[in-house]
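The structure presented is a predicted model; accordingly, all values stated were derived computationally and were not measured.
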Amino acid sequence: MKPIRVCVAAWVLCSCGASAEFLYMRGDKPGTFIDISATGTVLDIDADETVVITTTKGNRLLPAGRLVVGYNGAVGYGATPSDFLTDVNAPIDTVLNTPNPGVFGGGRATLMAHDNPGTRTAVTQIIYEELTDRVVIMYNDIPIGDTTISYQLQIFDPPIGLDPPREECFAQYLFADIERPPAFGGAIFTIGYQDGVGGTNNNVQWSFNTQFAVRNGSILTLCTPAPGSLAGFVLGAAAVLRRRRCS
């Protein structure tokens, strides 16, 4: 997925002065899967359940404080309209950016592998830990059909800067074991970001029910152009266009 896709008309829309940022995901940025199984806090959570945790690490897009961790492969942020996470995954609306009410009532959310996992087994764990510069939430041996998947979310504090191009990146989705059937690297998942009710940015969909959209070892990075960069100027305007804030 290319991070920059704008048209000439977007330049005109910059005069609107909206604060929207253009968000996108990249699959070509480095990262490190951090095994926190021996050091983190294990959450008491099972199929279709969510649990609220409070963190002191975060950033301006995914802030510290109240997080709703869903067994079904997504995390909500802040005072979400609901703490419910449906087990029926759906495409993320990236045209009108309408939030999915089944995903935390339409709240802001990262969707790493939104799906309908099976009941927790003896080896299944969802673990979180705050490190010096990030929050790690690890989904370990989540049952899918006759197999399991493992992946994690890392929320950066502060955001990491990537240059070139000049970017500010807020989180990474890291996949350790995702390819075996029926997972097939994303064949039954929604992967992306939901900006949420009242959000001024755009939704992002990496994939919906797409085989091998991710592989074992894949790393997806959620970014925006760095403040002051030329790309930020153009892509911010594109976000305004997507939100239909100008007529």
V68 reachable from Y71 in the ILVMFWY side-chain graph, under 4.5 Å edges: no
Determine, using the 4.5 Å side-chain heavy-atom cutoff (strictly less than), whether L111 and I188 are members of one ILVMFWY cluster. no
Gap between atom CD1 of I137 and atom CD1 of I36 - 0.5 Å precision: 8.5 Å
Under 3.5 Å, is there a donor on one side chain and an acceptor on the other for [X] and [Y]?
X    : Y    : value
T94  : Q205 : no
Y173 : S218 : no
Y193 : R108 : yes
Y77  : Q194 : no
N209 : N89  : yes
T224 : E167 : no
T50  : D83  : no
T221 : Q172 : yes

Which of these, L222, I160, N59, sits in a side-chain contact (heavy atoms from CB on, under 4.5 Å) with C169?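 Answer to the side-chain contact (heavy atoms from CB on, under 4.5 Å) test with C169 among L222, I160, N59: I160.
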Checking the side chain of T210 only, and the main-chain atoms of A187 only, is there a donor and an acceptor separated by less than 3.5 Å? no
For atom CG of D146, decide whether the heavy atoms of other residues, nucleotides or ligands shown that lie under 6.0 angstrom number more than 12.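 No, because the 6.0 Å sphere around CG of D146 holds 12 heavy atoms or fewer from other groups.
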Is there side-chain contact between F189 and I178, with at least one heavy-atom pair below 4.5 Å? yes
Face-on cation placement of R180 at F184 ring, 6.0 Å and 45° thresholds: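 Judged by the rule (NZ or CZ under 6.0 Å from the ring centre, within 45° of its axis), R180 is not positioned above F184.
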